[in-house]
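Here, residue 1 is the first one in the sequence, and each next residue gets the next number. Here the structure is a predicted model, which is why all the values come from computation and not from measurement. No hydrogens, no waters, no symmetry mates; every other heavy atom, side chains included, goes into these values.
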Amino acid sequence: MIVLSVESSCDETSVSISKDGKTILSNIVLSQIDVHKTYGGVVPEIASREHVKGITLVFEEALQAANITKDEVDLIAVTKGPGLIGSLLIGVNAAKAFALANDIPIVGVHHIAGHIYANHITKDLVFPLVCLVVSGGHTELILMKDHYDFQKLGETYDDAVGEAYDKVARTVGLGYPGGPIVDQLAHQGEATYPMPNIDQKDSYDFSFSGLKSHIINLVHNIHQRNETLNVENLCASFQEVVSDVLVRKSVKAIKEFDAKMFIVAGGVAANKGLREKIDKEIHDVEVVVPNFEYCTDNAAMIGIAGYFQYMTSKKTDDMTLNGFSRVKLME
Ligand code: KG4
Ligand code: ZN
């Protein structure tokens with residue numbers, strides 16, 4: 001089965017062609033990072049316009065790179081949400097137009113299901129599995145007992161991990177997106193700054209806003225006292241406390257649910273500090289992290305998730321398919 005998939009929920013315009021929910025034949029990603037950098041974050045109105053400019057070209061490139069014609073496409077999968085509504089609508093409408101014009105069935109896919117299924121590109125998922133979702137908008141622990149069966153064990157009360165990374169980066173003037181820069185600097189420093197305890201004991205829930213405020217205050221006080229901030233050490237201190245709590249709760253869930261596999265999903269899955277901590281602390285279970293190219297937003301992951309969504313439910317959407325800024329994983 002050949003799937004053409006589309007992702008446009010934030011600042012990446014992407015189209016991919018995949019085969020049988022496993023093999024990626026092409027994955028074209030047009031990133032808008034350079035456009036948004038000037039503003040220190042994603043500007044929704046600009047993001048929508050950039051998607052409009054790029055989407056047709058990316059469709060054509062993806063088909064060409066995979067050496068596939070429109071007639072060979074069996075299913076279309078498109079991110080329906082969550083994300084920026086203006087951005088989502090460009091992808092959803094382009095996908096619907098392509099489906100209608102070529103008489104191909106279409107499925108709307110949850111963005112986080114895509115991030116989760118990015119792992120399947122590396123290794124076939126084995127159940128039960130525990131998934132740590134760490135993206136710019138989500139932080140969750142999910143139990144999967146089968147394909148497309150998502151049970152939420154816990155989530156963040158406030159900020160998502162990626163969001164916290166971006167805010168810390170902004171506080172110390174590191175630019176956007178902050179996650180990769182903080183990660184890089186953390187490896188050049190040592191965790192010398194005291195950090196608060198952010199472990200919500202006995203629960204799978206997370207909270208990062210206290211840590212964020214702590215860092216903002218710390219930086220503010222250092223500046224007020226005319227002291228020098230060691231940015232590398234601050235990044236290392238932040239990264240240590242974050243990866244610590246993420247891995248501790250993951251280990252607890254793996255044990256409690258006797259998981260056979262542990263996977264990581266979302267942009268922060270690219271974090272080297274987190275990957276190192278996982279390597280060190282998680283044993284006796286198969287550990288999978290997506291390839292770097294499939295960690296941040298891309299259409300390949302939506303194609304794999306769309307394939308399994310269709311295979312397990314046998315349901316398709318019709319031309320009333322819409323984009324949703326908020327939508328539940330199990331809806
Ligand atoms: O998963 P994603 O594309 O966002 C959502 O779907 O919400 O991930 C983007 C997030 C950003 O917050 C970015 O700073 C973070 O992932 N990120 C990282 C790294 N690479 C990307 N955070 C920490 N370390 C990284 N290496
Ligand atoms: Zn994402």
Subject >> Neighbour count above 12 (heavy atom, 6.0 Å) for Arg170 CZ >> reply: no
**OP:** Each residue besides Phe292 in its hydrophobic cluster should be listed here, by chain and number; the cluster joins Ile, Leu, Val, Met, Phe, Trp and Tyr at side-chain heavy-atom distances under 4.5 Å.
**Re:** none
Original post:
Val6 and Ile28: same hydrophobic cluster, using ILVMFWY side-chain contacts below 4.5 Å?
Top reply: yes
Subject >> Gap separating the OH atom of Tyr307 from the CG atom of Leu75, nearest 0.5 angstrom >> reply: 10.0 Å
Original post:
Do the side chains of Ser325 and Leu84 get nearer than 4.5 Å, heavy atoms only?
Top reply: no
Original post:
Relative to Tyr310, does Lys315 satisfy both conditions: NZ or CZ under 6.0 angstrom from the six-membered ring centre, and within 45 degrees of the ring's axis?
Top reply: no
Subject >> Option from Asp166, Asp158, Asp159 for which salt bridge (charged side-chain N to carboxylate O under 4.0 Å, His left out) with Lys212 holds >> reply: Asp159
**OP:** Kindly indicate whether the side chain of Tyr204, heavy atoms from C-beta on, has any atom under 4.5 Å from the side chain of Glu256.
**Re:** yes
**OP:** With the side chain counted from C-beta on, respond yes when His283 and Val287 share a heavy-atom pair under 4.5 Å apart, and no when they do not.
**Re:** no
Original post:
Ion pair present between Arg49 and Glu45, side-chain N to carboxylate O less than 4.0 angstrom?
Top reply: yes
Original post:
Got His187 and Glu276 here, is their nearest side-chain heavy-atom distance under 4.5 Å?
Top reply: yes
**OP:** Go through Asp297 and Val29 one step at a time and tell me if the side-chain contact (heavy atoms from CB on, under 4.5 Å) criterion holds.
**Re:** CA-CA 8 Å; Asp297 293 349; Val29 183; over 6 Å; no
**OP:** Output the distance between atom CD1 (Ile17) and atom CD (Gln64), rounded to the nearest 0.5 Å.
**Re:** 11.5 Å
Original post:
Do Val245 and Tyr157 belong together in a cluster built from hydrophobic side chains that touch within less than 4.5 Å?
Top reply: no
**OP:** Report yes or no: does Glu12 contribute a side-chain atom to a donor-acceptor pair with the main-chain N or O of Ala299 at less than 3.5 Å?
**Re:** no
Original post:
Transitively linked via ILVMFWY side-chain contacts under 4.5 Å: Val109 with Val73?
Top reply: no
Original post:
Could you state the interatomic distance from CD1 (Ile304) to CD1 (Ile121), rounded to the nearest 0.5 Å?
Top reply: 5.0 Å
Original post:
Rounded to the nearest 0.5 Å, how far does OG of Ser14 lie from CZ of Phe59?
Top reply: 10.5 Å
Original post:
Are any side-chain N or O atoms of Asn119 and backbone N or O atoms of Ile116, one a donor and one an acceptor, separated by less than 3.5 Å?
Top reply: yes
Subject >> Crowding at CG, Asn67 (>12 non-hydrogen neighbours, <6.0 Å) >> reply: no
Subject >> Polar side chain donor-acceptor pair, Gln239 to Asn271, under 3.5 angstrom >> reply: yes
Original post:
Does Ser237 use its side chain to pair, donor to acceptor, with the backbone of Tyr193 at less than 3.5 Å?
Top reply: yes
Original post:
Is it the case that more than 12 heavy atoms not belonging to Lys22 sit under 6.0 Å from its NZ atom?
Top reply: yes
**OP:** Could you tell me whether Lys167 and Glu163 make a salt bridge, using a distance below 4.0 angstrom between a side-chain N and a carboxylate O?
**Re:** yes
Subject >> Val264/Cys131 under side-chain contact (heavy atoms from CB on, under 4.5 Å): CA gap, chis, key distance, verdict >> reply: CA-CA 6 Å; Val264 191; Cys131 176; over 6 Å; no
**OP:** Taking only Lys NZ, Arg NE, NH1 and NH2, and the carboxylate oxygens of Asp or Glu, determine whether Lys80 and Asp317 approach each other closer than 4.0 Å.
**Re:** no
Original post:
Would you say the side chains of Asn27 and Glu293 form a donor-acceptor pair under 3.5 Å?
Top reply: no
Original post:
Hey, does Thr156 have a side-chain heavy atom less than 4.5 Å from the side chain of Glu140?
Top reply: no
**OP:** Classify the angle between the aromatic ring planes of His110 and His138 as parallel (below 30°), tilted (30 to 60°) or perpendicular (above 60°).
**Re:** perpendicular
Original post:
Can any side-chain N or O of Thr79 pair as donor or acceptor with the backbone N or O of Gly81 at less than 3.5 Å?
Top reply: no
Original post:
Any side-chain heavy-atom pair from Leu174 and Cys235 closer than 4.5 angstrom?
Top reply: yes
Subject >> Side-chain donor-acceptor pair present, Glu7, Ser9, cut-off under 3.5 Å >> reply: yes
Original post:
Are more than 12 heavy atoms from other residues, nucleotides or ligands located less than 6.0 Å from atom NZ of Lys260?
Top reply: no
Subject >> Point-to-point distance, once rounded to the nearest 0.5 Å, from CD1 of Ile215 to NE2 of His220 >> reply: 15.5 Å
Subject >> Under 3.5 Å: donor-acceptor pair, side chain of Thr139, backbone of Ser135 >> reply: no
Subject >> Exam field: side chain Asn298 to backbone Thr296, donor-acceptor pair closer than 3.5 Å >> reply: yes
Subject >> Connected via hydrophobic side-chain network under 4.5 Å: Ile222 and Phe238 >> reply: yes
**OP:** For atom CD of Glu190, decide whether the heavy atoms of other residues, nucleotides or ligands shown that lie under 6.0 angstrom number more than 12.
**Re:** no
**OP:** Measure the shortest side-chain to side-chain distance between Val78 and Ile302 over non-hydrogen atoms and say whether it is less than 4.5 angstrom.
**Re:** no
Original post:
Is there a side-chain contact (heavy atoms from CB on, under 4.5 Å) between Thr192 and Asn230 once you walk through the steps?
Top reply: CA-CA 9 Å; Thr192 52; Asn230 184 321; 6.0 Å; no
Subject >> Pair Arg248 + Asp244: basic N to acidic O under 4.0 Å >> reply: yes
**OP:** Verify side-chain contact (heavy atoms from CB on, under 4.5 Å) between Val3 and Asp74, making sure each step is shown before the conclusion.
**Re:** CA-CA 6 Å; Val3 179; Asp74 300 301; over 6 Å; no
Subject >> Over 12 non-hydrogen atoms of neighbours within 6.0 angstrom of NZ in Lys314 >> reply: yes
Original post:
Any donor-acceptor pair under 3.5 Å linking the side chain of His223 with the backbone of Leu229?
Top reply: no
**OP:** Please check if the side chain of Asp318 supplies one atom and the backbone of Thr320 the other of a donor-acceptor pair under 3.5 Å.
**Re:** yes
**OP:** Verify whether one side chain among Thr69 and Glu72 offers a donor that lies under 3.5 Å from an acceptor in the other.
**Re:** yes
Subject >> Heavy-atom donor-acceptor pair, His111 side chain to Pro82 backbone, under 3.5 Å >> reply: no
Original post:
Are the side chains of Leu321 and Val92 in touch, meaning some heavy atoms are under 4.5 Å apart?
Top reply: yes
**OP:** Report the relative orientation of the aromatic rings in Tyr117 and Phe150; use parallel for angles under 30°, tilted for 30 to 60°, perpendicular for over 60°.
**Re:** perpendicular
**OP:** Please work out whether the ring planes of His147 and Phe308 are parallel, tilted or perpendicular, with thresholds of 30° and 60°.
**Re:** parallel
Subject >> Pair Glu286 + Lys123, salt bridge at N-O below 4.0 Å >> reply: yes
Original post:
CG of Leu218 to CE of Met195: how many Å apart, nearest 0.5 Å?
Top reply: 5.5 Å
Original post:
Could Asp205 and Lys249 be called an ion pair, given the rule that one side-chain N must be under 4.0 Å from one carboxylate O?
Top reply: no
**OP:** Look at the side chain of His115 and the backbone N and O of Ala265, then say whether any donor-acceptor pair between them is shorter than 3.5 Å.
**Re:** no
Original post:
Is there a chain of hydrophobic side chains (I, L, V, M, F, W, Y, each step under 4.5 Å between heavy atoms) that links Ile198 to Val134?
Top reply: yes
